[in-house]
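One structure below.
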Amino acid sequence: MIHPESAPEAAATAHEIRNEFVLQAEGEVVLRDPATVNQNIATGEIEITVDTLRIVSRSTPLPFQLDEENVDETIRLRYRWLDLRTERMQRNLRLSHTIIAAIRRRMDELGFVDLWTPSMTKGTPEGARDFLVPVRLQPGRFFALAQSPQLFKQLSQIGGLDRYYQIATCWRDEDLRADRQFEFRQLDVEMSFVEREDVLDVLERAVVASFEALGREPPARPFTRVSWHEADLRYGSDKPDLRFGLEIRDATEVTRGSQFGVFANAPAVRFLVAPRAFSRAELARLEGIAKEWGAKGLAYLVRDESGEVRSPIAKFLSEQELAAFASDPGTTVLFAADEPRTVSRVLGGLRTHLGRELDLADTTRDAFLWILDFPLFELDEETGRWTFVHHPFTGVKPGQEHLVEADPGACISQAYDLVWNGIELGSGSIRIHDQELQRAVFRSMGMGEEEARAKFGFLLEALEMGAPPHGGFAMGIERFVMLMAGEPDIRQILAFPKVASGSDPLTGAPTPYPAAALKELGIQSIVPSDQA
Ligand code: ASP
C-alpha cells in the first residue's frame, strides 16, 4: 500500500510497475483493513505500508499471463521459467519433492544404502532402444545410457551391499507419451536373501510413506495380490483398474457344440456384462473399438429395460447358453471368441474403455494391486523366438528350472508388477543367482555362448563367485507423482520436460553438431545438413 502523500517517490516508482517485475519495498507490516482481507492468498491478512520502493528487476511484456488458462503447452515449455511460477507448477514440484523426500527417509529407516551407479554403461536389456554416447578417447565406440541400473544393482548384491536403493535416472529411446519421457527416474531397489514378499513389503512401505507425507489416507496394506493368469482371465489386462468390477467371464465350455459357429469353433469364448442397454449406434462404435484390439466382430445380447433380448445371434443360442449369459434388465453382454490372447486383449480393451466411458470407477478409492507370476518368456512375433517378458535376469518359479529350455512357454517367472488405478507403476522380480540357470535362459532366447559372454560375461562371472539369492523392484517416480498430483501427464510434474517430438522447446535441443566435432568422435552424419 503506497500513500502518495507520505511516500511520493515510491508512488512515482509504482507507476512503472508491470507484471512480474521484481520489487523491493521497505515499510511497516500492518494488518489489513477487515474489508480488504483476502483469505484466498497466504498474505491476505497483511500489507506493507511502503516508505521506499525499488524496482530490482524489470520484465518485458509476457508471452502469456500466469493466470491465463489453456496456454499452449509448447509456449509454456518454451518459457518454462515463467510457467514454473504458476501455482500449478509450484504445487506439483513441491509435491514431487515431498514424495521423494519421504521415500528417501523411509528407505533410510529400512536400512537401505543409496548407491550411485553409472549412467554411461553397456546396453541394458529393458526392452527399449539405447541412447548412445560416443567416446572421443575411443572413436567408433559407444557407451549406452543406462536403461536401468539393473545389472549394477545385482552386482551390488553380489558385492555384499544387501540393501541397495537409488532414485535412479533411466534413459530409454522410446516414443514419448503422456506417461513417458526419454529420461525418467525410478525408485530402484535390490535386496539379498529375500523372498518376494520381503520386496513387496518394502515397496508398500515406500508408497504408504508418500501418502502419509502428503497427509493423505494411505492405501491399506497388504495391497491386493492377483496372479497374472487370473488378471488376464478376469480383466484381460496385466494392469487392471480395480476401482470397478466389470469382470470378464468364461463361456468356452458352455459354447462347445454351439449352433453359433463363431462360438463353437473359437478356442476361447468369453464375455462381459456392461451395465447399460446399448443402442445400435453405440454397439457399432464398440465394435470398432473391439476391432482395433484385434476382434473380427462383436457379438452381443442387449437386454433392454423391460428384460427383452435384442440380438442377432440369440436365435442360434441354446437355452443353456442363454441361461449362462442371463443378465439384468438394462445391460449388454459383449462377447469375444478367438484365440485366448486375442479374447483377453479385446475384452480387456473394452473393459477399460467402458470403465472410462460409463464412469464406472469409484474415484474415492485408491486401488493398489500386485500382479504376480508373470510368464517368463513370450514369443517374439517378428523373430519367432522366445524373448523375456521382464528382462533376462528374472528368476523362474522354483521347481520349474528344468522347463526353461524344455518348455519355455510354460515357465512362470518370479516377476511382479505394481499397479495403481489401472496404471503400471513398476516391476521387479526375484533374480537368477545361479549362473547355469542364467546361461539356460540366454540359450532359450537363442543367445549362444559367445554372444552371452560378449554381452553379459561380467554378470556370468560374478554369478560364479558366491552370489546371494536376491531380488528387487523399480517404481516409476514420475508416474507415481503424476497420479498423486492428479495430473493427466508427466510433463506437468517435471520442471523441464521434452515434447512428443523428442525436443526441448526451451533450449532447442537436440541440435546438429559441426562436422569437425563429429569427426573427433569418429562419427559422420548421413543426414543432409538441411534436414538435421
Ligand atoms: N530393472 C527393472 C526395470 O527397470 C526393474 C527391476 O527388475 O528391478 O523395470
Exercise. Under 6.0 Å from the CD atom of Glu109, do we count more than 12 heavy atoms belonging to anything else shown?
Worked result: yes
Exercise. Taking the side chain as C-beta and beyond, is there a heavy-atom pair between Asp366 and Pro218 under 4.5 Å?
Worked result: no
Exercise. Which atom pair, heavy atoms only, marks the closest approach of Ser210 to Ile99?
Worked result: OG-CG2, 3.8 Å
Exercise. Is there a side-chain contact between Leu358 and Phe244 (heavy atoms, below 4.5 Å)?
Worked result: no
Exercise. Quick one: side chain to side chain donor-acceptor pair (under 3.5 Å) partners of Arg351, sequence neighbours excluded?
Worked result: none
For this session: Compare every heavy atom of Ile432 with every heavy atom of His470, then report the nearest pair and how far apart it is.
Result: CE1-O, 4.0 Å
Exercise. What distance separates His402 NE2 from Asp407 CG, expressed to the nearest 0.5 Å?
Worked result: 8.5 Å
Problem set entry | Pairing of Asp108 and Arg105 as salt bridge, 4.0 angstrom limit | no
Exercise. How long is the gap from CZ on Phe152 to CD on Gln166, to the nearest 0.5 Å?
Worked result: 10.5 Å
Exercise. Would one find more than 12 heavy atoms of other residues, nucleotides or ligands at under 6.0 Å from atom NZ of Lys122?
Worked result: yes
For this session: Would you please name every residue forming a ring-ring contact (aromatic ring centres under 6.0 Å, His included) with Phe335, sequence neighbours left out?
Result: Phe263, Phe271, Phe325
For this session: For the pair Arg345 and Asp338, find out whether any cationic side-chain nitrogen is under 4.0 Å from an anionic carboxylate oxygen.
Result: no
Exercise. Looking at CZ of Phe496 and CG of Asp83, how far apart are the two atoms once the value is rounded to the nearest 0.5 Å?
Worked result: 10.0 Å
Exercise. Any side-chain donor-acceptor pair under 3.5 Å between Glu73 and Gln492?
Worked result: yes
Exercise. Using 4.0 Å as the upper bound for N to carboxylate O, is an ion pair formed by Arg221 and Asp201?
Worked result: yes
For this session: Identify which one of Phe142, Phe182, Phe143, Trp171 satisfies the ring pair (Phe, Tyr, Trp, His ring centres under 6.0 Å) criterion when paired with Phe131.
Result: Phe182
Exercise. Which heavy atom of Thr332 sits nearest a heavy atom of Arg276, and at what distance?
Worked result: OG1-O, 2.5 Å
Exercise. Just wondering, do Leu334 and Leu298 contact through their side chains at under 4.5 Å, heavy atoms?
Worked result: yes
For this session: Considering only NZ, NE, NH1 and NH2 on the basic side and carboxylate oxygens on the acidic side, decide whether Arg479 and Glu424 come within less than 4.0 Å.
Result: no
For this session: Check step by step if side-chain contact (heavy atoms from CB on, under 4.5 Å) holds for His390 and Asp417.
Result: CA-CA 10 Å; His390 270 79; Asp417 270 10; 2.9 Å; yes
Problem set entry | Over 12 non-hydrogen atoms of neighbours within 6.0 angstrom of CZ in Arg141 | no
Exercise. Any idea which heavy atoms bring Pro497 and Asp504 closest together, and the distance?
Worked result: O-OD1, 4.2 Å
For this session: Evaluate whether atom CD of Glu174 has more than 12 neighbouring non-hydrogen atoms of other residues, nucleotides or ligands under 6.0 angstrom away.
Result: yes
Exercise. Just checking, any donor-acceptor pair under 3.5 angstrom between side chains of Gln157 and Ser192?
Worked result: yes
Exercise. Does atom CH2 of Trp293 have more than 12 heavy-atom neighbours from other groups under 6.0 Å away?
Worked result: no
Exercise. Can you check whether Ser413 reaches Val389 side chain to side chain, under 4.5 Å on heavy atoms?
Worked result: no
Exercise. Roughly how far apart are Ser344 OG and Asp238 CG, rounded to 0.5 Å?
Worked result: 10.0 Å
Exercise. Taking side chain as C-beta onward, heavy atoms only, is Lys296 less than 4.5 Å from Val262?
Worked result: no
For this session: Quick one: do Asp114 and Arg104 satisfy salt bridge (Lys or Arg N to Asp or Glu O under 4.0 Å)? Show the steps, please.
Result: CA-CA 9 Å; Asp114 179 354; Arg104 285 193 182 283; 3.0 Å; yes
Exercise. Between Gln150, Arg163, Arg431, which is the residue that forms a side chain to side chain donor-acceptor pair (under 3.5 Å) with Glu190?
Worked result: Arg431
Seminar exercise, completed: Test side chain to side chain contact (heavy atoms under 4.5 Å, CB included), reference Trp420, set Lys239, Met484, Met475, output is Met484
Exercise. Tell me, do Glu217 and Phe211 make a side-chain contact under 4.5 Å, heavy atoms counted?
Worked result: no
Exercise. Does Arg285 come within less than 4.0 Å of Glu357, counting only side-chain N to carboxylate O?
Worked result: yes
Exercise. Which word best sums up how the rings of Phe442 and Phe456 line up, parallel for under 30°, tilted for 30 to 60°, or perpendicular for over 60°?
Worked result: parallel
Exercise. Run the salt bridge (Lys or Arg N to Asp or Glu O under 4.0 Å) check on Arg129 and Asp173 step by step: do they pass?
Worked result: CA-CA 5 Å; Arg129 288 191 178 84; Asp173 183 357; 5.5 Å; no
Problem set entry | Beyond-backbone contact of Thr169 with Ser119, side-chain heavy atoms, under 4.5 angstrom | no
For this session: Could you grab the distance from atom CG of Leu506 to atom CG of Leu77, nearest 0.5 Å is fine?
Result: 8.0 Å
Exercise. Where is the tightest heavy-atom contact between Ser227 and Ile371, given as atom of each residue plus distance?
Worked result: C-CG2, 4.4 Å
For this session: Would you please test Glu197 and Arg225 for salt bridge (Lys or Arg N to Asp or Glu O under 4.0 Å) and show each step?
Result: CA-CA 11 Å; Glu197 279 303 314; Arg225 285 145 167 76; 2.9 Å; yes
Seminar exercise, completed: Here the gap from Trp370 atom CH2 to Ser427 atom OG, rounded to the nearest 0.5 Å, amounts to 9.5 Å
Exercise. Take atom CZ in Arg136; do more than 12 heavy atoms of anything else shown fall under 6.0 Å from it?
Worked result: no
For this session: Consider only side-chain N and O atoms of Arg385 and Thr387, and report whether a donor and an acceptor are under 3.5 Å apart.
Result: no
Exercise. Does a donor on one side chain sit under 3.5 Å from an acceptor on the other, for Ser148 and Gln186?
Worked result: no
For this session: List the atom of Gln320, the atom of Val254, and the distance in Å for their closest heavy-atom pair.
Result: O-CG2, 4.1 Å
Problem set entry | Ile412 side chain reached by Gln400 side chain, heavy atoms, under 4.5 Å | yes
